[in-house]
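What follows is one structure encoded as structure tokens, with my remarks underneath.
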There are 2 protein chains.
Amino acid sequence: MEDLNQQLDFIIELDRLKGVYRQALVKSDKNRFENSAEHSWHISLTAQILHEYAVEKVNISRVMSMLLIHDIVEIDAGDMFAFSEQKDLAEQEDKEIAAATRIFGLLPEKQFQHFKQLWLEFEGAETIDAKFAKAMDRVLPLLQNMRNDGGSWARHNISKSQVLKRNQFLEGLAPKLWVYVCTQIDIAVVNGWLRNE
Amino acid sequence: MEDLNQQLDFIIELDRLKGVYRQALVKSDKNRFENSAEHSWHISLTAQILHEYAVEKVNISRVMSMLLIHDIVEIDAGDMFAFSEQKDLAEQEDKEIAAATRIFGLLPEKQFQHFKQLWLEFEGAETIDAKFAKAMDRVLPLLQNMRNDGGSWARHNISKSQVLKRNQFLEGLAPKLWVYVCTQIDIAVVNGWLRNE
């Protein structure tokens, strides 16, 4: 029963991700802030819908798992806005590594290793699966902002070049999605939702 | 581009599930009500952690997909408390079937068929994958209520026999989890969180 008790402690700990809020807004729920648990659900499904656009075949089961767990570290480390200062992002990375050890460490050894490795693979963004997962994590806020008068971009005065850079993974991975993203970014500039820089 | 536009419309429509609230409470976020999007994330991960307890091997990738989509119909049909009257539950079923056709129908034909079938399989609860997915959907509220002074059970005056019946899928599927659940239910009765009936 010891393994089971550890697993149940981990499952209950996950509940806390529902209280970690991001900069993204949920338009359909009175534009409240989005939490990282519901965001993880949304991008896992987004990956499932869009993976046919990947030029190199991705293992969608692994991608979904990565996306379901990718933000769990925020339970300890909190969410940091994607367009924060480089120095703050580097500090955040250290906090997240410690968080991964503590939180996945609640699990029995074999699952701890499995999930920590999967999370490190996502963070490393070197394998096709991890790159595609990262791309999904980045494209969804664009879709949300485009349907919400610029959403978090407009509130934080973000520029076109920042969003292009953040989504550039798509260029080689899924060119059709990349073309779509570039078109949307141009529309956002015309609408005044992104600075033209 | 037509397929892509349909897919993106579906992805944006999903946002609305974040505004569908359930009877479960999020203890770690000031005991607010839980929404169906974050719940779907939580049970998908719960399935991934616990599937080793299934006596017959489940296809965890299919189970995760089922759990990610299982509540999407609530965008139109709303959430109904598990322990509602039978008449209301039957009406809800009709609403959910119409919702599945409309919402999955936003997708290109092939994906529409795929997801609608997967949802129907979950609802039918006849395959091993669907039964295991259902069991996860039912066991998580138990875990949440046990860590939260009875949670939605206590607020709705639920009885032991109702919770036993609802979790009975586990008995044959994953006997170790069933034993755990029975023990927890007995503790809930002793604590006054479930009526002893």
Side-chain angles (χ1 to χ4, degrees), chain A residues 1 3-5 7-8 10-21 26-30 32 34-46 48-50 52-53 59-62 64-65 67-69 71-72 75 107-108 110-111 115 139-140 143-144 146-148 176-177 179-180, chain B residues 1 3-5 7-8 10-21 26-30 32 34-46 48-50 52-53 59-62 64-65 67-69 71-72 75 107-108 110-111 115 139-140 143-144 146-148 176-177 179-180:
Chain A
M1 289 301 268
D3 275 7
L4 180 57
N5 284 327
Q7 289 162 323
L8 298 176
F10 175 79
I11 288 166
I12 287 297
E13 183 74 6
L14 293 180
D15 221 44
R16 294 175 57 200
L17 197 62
K18 299 169 192 167
V20 175
Y21 288 89
V26 182
K27 186 178 180 185
S28 57
D29 197 25
K30 301 173 194 157
R32 65 167 174 82
E34 184 185 43
N35 71 60
S36 292
E38 61 198 356
H39 159 71
S40 299
W41 164 78
H42 204 172
I43 51 171
S44 301
L45 267 176
T46 300
Q48 215 184 354
I49 302 294
L50 297 182
E52 65 186 44
Y53 293 97
N59 180 332
I60 188 60
S61 176
R62 295 187 79 242
M64 284 195 302
S65 290
L67 289 172
L68 289 174
I69 63 154
D71 271 346
I72 288 176
I75 288 173
L107 288 165
K110 206 171 135 191
Q111 286 187 327
F115 285 112
V139 80
L140 185 57
L143 300 177
Q144 290 171 310
M146 288 303 295
R147 306 279 181 127
N148 199 11
K176 272 193 191 164
L177 297 181
V179 168
Y180 178 85
Chain B
M1 290 300 266
D3 275 7
L4 180 57
N5 283 326
Q7 290 162 324
L8 298 175
F10 175 79
I11 289 166
I12 287 297
E13 182 73 6
L14 293 180
D15 220 43
R16 293 176 59 200
L17 198 61
K18 300 169 192 167
V20 174
Y21 288 89
V26 182
K27 186 179 180 185
S28 57
D29 196 25
K30 300 171 195 158
R32 65 166 174 83
E34 183 185 43
N35 72 60
S36 292
E38 61 199 355
H39 159 72
S40 299
W41 164 79
H42 204 171
I43 50 171
S44 301
L45 267 175
T46 300
Q48 215 185 352
I49 302 295
L50 297 182
E52 66 187 42
Y53 294 97
N59 180 332
I60 188 59
S61 176
R62 296 188 78 242
M64 283 197 300
S65 291
L67 290 172
L68 289 173
I69 64 154
D71 271 345
I72 288 177
I75 288 173
L107 287 165
K110 207 171 133 191
Q111 285 186 328
F115 285 112
V139 81
L140 185 57
L143 300 177
Q144 290 170 311
M146 289 303 296
R147 305 279 181 128
N148 198 12
K176 271 193 191 165
L177 297 181
V179 168
Y180 178 85

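Below, chains carry the letters A, B, ... as their sequence lines are ordered, and counting in each starts from 1.
- In this structure, chain B has a heavy atom under 4.5 Å from the side chain of A/E34, while its backbone stays farther away.
- Residue A/L67 does not touch chain B at all, counting heavy-atom pairs closer than 4.5 Å.
- Neither the backbone nor the side chain of A/I60 comes within contact range of chain B, judged by heavy atoms closer than 4.5 Å.
- Of the atoms belonging to B/N59, not a single heavy atom falls under 4.5 Å from chain A.
- Counting heavy-atom pairs closer than 4.5 Å to chain B, the top-ranked of the candidates A/S44, A/S36, A/S65 is A/S65.
- To the nearest 0.5 angstrom, A/R147 atom CZ is 10.0 Å from B/E13 atom CD.
- The closest side-chain heavy-atom distance from B/D15 to A/D29 is not below 4.5 Å.
- For the set A/Q48, A/K18, A/H39, the entry with the most heavy-atom pairs within less than 4.5 Å of chain B is A/K18.
- Distance CD/A/Q111 to CD1/B/I49: 4.5 Å, rounded to 0.5 Å.
- Remark: A/E38 CD to B/S40 OG distance equals 11.0 Å, nearest 0.5 Å.
- From B/M64, atom CE reaches atom CE of A/M64 across 4.5 Å, with rounding to the nearest 0.5 Å.
- Note that CD1 of A/I72 is 5.0 Å distant from CG of B/L45, once rounded to the nearest 0.5 Å.
- Scored by the side chain to side chain contact (heavy atoms under 4.5 Å, CB included) test, B/D3 finds A/Y53, B/Q6, B/Q7, B/P108 as partners (sequence neighbours excluded).
- Ranked by heavy-atom pairs under 4.5 Å with chain A, the first of B/M146, B/K176, B/E52 is B/E52.
- Smallest separation of non-hydrogen atoms from B/S28 and A/R16: OG-CA, 3.3 Å.
- Minimum interatomic distance between B/L8 and A/Y180 (heavy atoms only, all atoms of both residues): CD1-CZ, 3.1 Å.
- Comparing A/G19, A/A37, A/S61 by heavy-atom pairs within less than 4.5 Å of chain B, the highest count is held by A/A37.
- Contact annotation for A/N148: neither backbone nor side-chain heavy atoms come within less than 4.5 Å of a heavy atom of chain B.
- Residues passing the ring-ring contact (aromatic ring centres under 6.0 Å, His included) test with B/H42, sequence neighbours excluded: none.
- A/L17 and B/W41 make their closest contact through CD2-CZ2, 3.5 Å (heavy atoms, listed as atom of the first residue, atom of the second, distance).
- Atom CD1 in B/I43 sits 11.5 Å away from atom CD1 in A/I11 (nearest 0.5 Å).
- Using a 4.5 Å cut-off between heavy atoms, B/R32 touches chain A through its side chain atoms alone.
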